[in-house]
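For reference, the structure is listed below as structure tokens.
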Amino acid sequence: MNDSAPAPAPRRARVRAPELVGKGGWLNTGGTGYTLADLRGRIVILDFWTFCCINCLHVLDELRELEEKHRDTVVIIGVHSPKFVHEAEHAAVVDAVERYGVEHPVLDDPELATWKQYAVRAWPTLVVIDPEGYVVAQHAGEGHAHAIARLVDELEAEHAAKGTLRRGDGPYVAPEPVATDLRFPGKALLLPSGNFLVSDTTRHQLVELAGDGETVVRRIGSGERGFGPDAFNEPQGLALLDEHTVVVADTVNHALRAVDLGTGEITTLAGTGKQWWQGSPTSGPAREVDLSSPWDVAVFGGKVWIAMAGVHQLWTYDPEAGVVAVAAGTTNEGLVDGPGAEAWFAQPSGLAATEDRLWVADSETSALRYVDLDGAVHTAVGTGLFDFGHRDGDAQQALFQHPLGVTALPDGSVAVSDTYNHALRRYDPATDRVTTLATDVREPSGAVLAGSDIVVVESARHRLTRLRLPDEAVRVESVAHRTRRAATEVAGGKLRLDVVFQAPAGQKLDTRYGPSTRLLVSSTPPELLVSGDGAGTELSRELVLNADVTEGVLHVSAMAASCDTASDNEYPACHVHQQDWGVPVVLVGDGGARRLPLVLAGMDEGA
């Protein structure tokens, strides 16, 4: 026996990877297009993403460390696969790549050609291709960076031994920097001095502008990503806590920060700098509880309310007690009204407070919603995850497209920063109607009142734009859209749901304290499910779909707990694997699928 012989390569199911195609072309490559043959010898990770999706933005940040560590062997390629009509515009993809600091090649696939070739079902999805051009792993959702990092280590060792690994510089070519005072600003705040404070999101700073909205007075923060006393990480929302203190939604740091307007000092109010995961505390001392992508903040009812985009909830921070708590939302993604504990949101991204309402821009449902003084959630405009467009008129028929901001107006109406429609819209509760105030404001992400004017954050034009509030709204032609996301065709009646989970190598299911798995199923609309909804401990379940409901969304949440099996470890490490899916389905009769398999993170990467 030769003790020096290399260990046999792990057995993995391998499928030849389909080619990469997309009519939008390539970004971050200096104009060069690539095929998989060009990348042979490298480990390729495809990141199927769309820039509206908060989970996709989480994955971009999860991959940064792996990307840096394995830059000579791994090529990450973002495959941009749009949901909204605006996301199919090439210029918008170019902006998003810079906005979110994407430092790898991106294939713009506006017609979802590569998405379909790889049978992708959800945003985000990661696909790993080995140096010989075979798919060896596919993961949906976020939280897989550590598993993929282990797989990369294995593939490097395996293919170095085979002589099929090629090291060297990757195809990424950084774009030329552009000199502007602001770069993709997020939100703005009118200060007591009459100046404006703007979150300069892409440059990780706050910028104070003079009352003209153009002259830079000072910059707060180092301009480098970080969580130290002089750094932010893609900050967004701003709110005045008192005349000397601004609360900042420090989005990618998963934290609330405070800025002293006198000294510019930055301190942390809430969050640990780590992202909240299922099972983590949802209340307690503010600096001991994890948050998840806070996108905006507003003071309402004596507390700071937080649009917690990363988990589809609203939280509160009590500045007197120094505690945080969930105020509304279940973490399920969708549009459901009712008591705060039962309501569903979908990436809330903008807040505005009045005396009796907290208005919410619920971006992924393209909806305008509000919370009343009793904590109940109501929808003013919007119908769900997959209907959007630009339509004025009665609130029941009006449409937005992924709004990110909302601003309370003096007459009790609200202005909506209708981001993907490049418009400023107005909803009047007195008439229950929506009108258009202005068009051709490029990706507005927020707005603030300044006297009789409204100052709009034109994020994709890197500036503030002052508009006069008109007496009458501007009318535009109505356009309605449905989501571009392909639905799964299923048969009516019985549908077998199988959440496939296998504990990773060296781990086993933890059954010491009862069942180690949990499955929660619901639907939008609720009438879609005749039976099979609710919670249980088995990861397989028979659903019965209502054949009279032609389409909808199945919401599936699965969890499994596993522990290390090392026999010499008295206290083995345990791991929670959790994933949520929103699966659009269309009922097509007997020709549709009767089984819906979903893969839960935790399987051996080649399974």
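One-based numbering along the sequence shown.
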With sequence neighbours excluded, residues passing side chain to side chain contact (heavy atoms under 4.5 Å, CB included) with [X]:
X: Leu373; result: Phe300, Asp356
X: His244; result: Asp242
X: Ala327; result: Trp305, Thr316
X: Ala270; result: Leu256, Ala286, Leu291, Tyr317, Val324

Under 3.5 Å, which donor-acceptor pairs link side chains of residues 209-234 to any protein atom two or more places apart or in another chain?
| unit_1 | atom_1 | unit_2 | atom_2 | d |
| --- | --- | --- | --- | --- |
| Asp212 | OD1 | Glu214 | N | 2.8 |
| Asp212 | OD1 | Thr215 | N | 3.0 |
| Asp212 | OD2 | Thr215 | OG1 | 2.7 |
| Arg218 | NE | Glu208 | OE1 | 2.7 |
| Arg218 | NH1 | Leu261 | O | 3.4 |
| Arg218 | NH2 | Glu208 | OE1 | 3.3 |
| Arg218 | NH2 | Leu261 | O | 2.6 |
| Arg219 | NH1 | Asp181 | O | 3.4 |
| Arg219 | NH1 | Gln205 | OE1 | 3.3 |
| Arg219 | NH2 | Asp181 | O | 3.0 |
| Ser222 | OG | Glu224 | N | 3.2 |
| Ser222 | OG | Asp230 | O | 3.4 |
| Arg225 | NH1 | Asn233 | OD1 | 2.7 |
| Arg225 | NH1 | Glu234 | OE2 | 3.1 |
| Arg225 | NH2 | Glu234 | OE2 | 3.0 |

Report the C-alpha distance between Ser452 and Arg468 in whole Å, list the side-chain angles of each, state the deciding distance to 0.1 Å, and finish with yes or no for side chain to side chain donor-acceptor pair (under 3.5 Å). CA-CA 7 Å; Ser452 58; Arg468 176 69 61 177; 2.2 Å; yes

Exam field: side chain [X] to backbone [Y], donor-acceptor pair closer than 3.5 Å:
X: Asp200; Y: Arg203; result: no
X: Glu87; Y: Lys83; result: yes
X: Asp428; Y: Asp432; result: no
X: Gln236; Y: Trp295; result: no
X: Gln347; Y: His312; result: no
X: Ser417; Y: Pro403; result: no
X: Asp374; Y: Ala376; result: no
X: Trp49; Y: Pro82; result: no
X: Asp296; Y: Ala307; result: no
X: Ser523; Y: Leu554; result: no

Rounded to the nearest 0.5 Å, how far does [atom2] of [Y] lie from [atom1] of [X]?
X: Leu206; Y: Ile266; atom1: CG; atom2: CD1; value: 7.0 Å
X: Phe386; Y: Thr524; atom1: CZ; atom2: OG1; value: 8.5 Å
X: Phe400; Y: Tyr420; atom1: CZ; atom2: OH; value: 16.0 Å

Quick check: do [X] and [Y] have side-chain heavy atoms less than 4.5 Å from each other?
X: Trp277; Y: Ser292; answer: no
X: Leu60; Y: Val102; answer: yes
X: Leu467; Y: Leu424; answer: yes
X: Pro348; Y: Leu314; answer: yes
X: Thr245; Y: Asp260; answer: no
X: Leu529; Y: Val521; answer: yes
X: Asp440; Y: Glu458; answer: no
X: Phe345; Y: Leu335; answer: no

Can you tell me which residue among Glu443, Gln401, Arg391 is in a side chain to side chain donor-acceptor pair (under 3.5 Å) with Asn421?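 Exactly one candidate clears the test, Gln401.
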
Heavy-atom pair of closest approach, residues [X] and [Y]:
X: Ala352; Y: Val406; answer: CB-O, 3.3 Å
X: Val585; Y: Leu528; answer: CG2-CD2, 4.0 Å
X: Gly338; Y: Ala343; answer: O-CB, 4.3 Å
X: Val455; Y: Ala450; answer: CG2-CB, 4.0 Å
X: Gly141; Y: Val59; answer: O-CG2, 4.0 Å
X: Pro525; Y: Gly552; answer: CD-CA, 4.1 Å

Residue list, side chain to side chain donor-acceptor pair (under 3.5 Å) with [X], at least two apart or on another chain:
X: His402; result: Glu364
X: Ser293; result: His58
X: Glu89; result: His86

Glu62 side chain to Gln275 side chain, donor-acceptor N/O pair below 3.5 angstrom: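 Distance-only check fails for Glu62 and Gln275.
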
Can you confirm whether more than 12 heavy atoms, excluding those of Arg442, are under 6.0 Å from its CZ atom?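 Enclosed.
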
Counting heavy atoms not belonging to Gln396, are there more than 12 under 6.0 Å from its CD?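 Yes, because the 6.0 Å sphere around CD of Gln396 holds more than 12 heavy atoms from other groups.
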
Listed partners of Arg357 passing salt bridge (Lys or Arg N to Asp or Glu O under 4.0 Å), at least two apart: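 By the salt bridge (Lys or Arg N to Asp or Glu O under 4.0 Å) rule, Arg357 matches no residue at all.
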
Can you run down the salt bridge (charged side-chain N to carboxylate O under 4.0 Å, His left out) pairs that involve residues 328-340, sequence neighbours left out, and say none if there aren't any?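 Of all non-adjacent pairs touching residues 328-340, those that pass salt bridge (charged side-chain N to carboxylate O under 4.0 Å, His left out) are Asp337-Arg369.
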
Quick one: which residue pairs count as a salt bridge (charged side-chain N to carboxylate O under 4.0 Å, His left out) with a foot in residues 399-424, not counting sequence neighbours?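 Checked against salt bridge (charged side-chain N to carboxylate O under 4.0 Å, His left out) - neighbours excluded - the pairs reaching residues 399-424 are Asp411-Arg426, Asp418-Arg425.
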
Name every donor-acceptor pair, under 3.5 Å, that has one atom in a side chain of residues 184-193 and the other anywhere in the protein, sequence neighbours excluded.
| unit_1 | atom_1 | unit_2 | atom_2 | d |
| --- | --- | --- | --- | --- |
| Lys187 | NZ | Ser349 | O | 3.1 |
| Lys187 | NZ | Leu404 | O | 2.5 |
| Lys187 | NZ | Ser445 | O | 2.8 |
| Ser193 | OG | Asn195 | N | 3.2 |

Aromatic ring proximity His378/Tyr370, centre distance under 6.0 Å: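 Yes, ring centres under 6.0 Å apart.
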
Does the pair Phe84 and Phe51 meet the rule for a ring pair (Phe, Tyr, Trp, His ring centres under 6.0 Å), with working shown? CA-CA 10 Å; Phe84 289 97; Phe51 62 78; 9.0 Å; no

Given the rule in the side chain to side chain donor-acceptor pair (under 3.5 Å) test, do Gln278 and Thr331 qualify, once you have shown the distances and angles that lead to the verdict? CA-CA 9 Å; Gln278 289 286 352; Thr331 75; 3.1 Å; yes

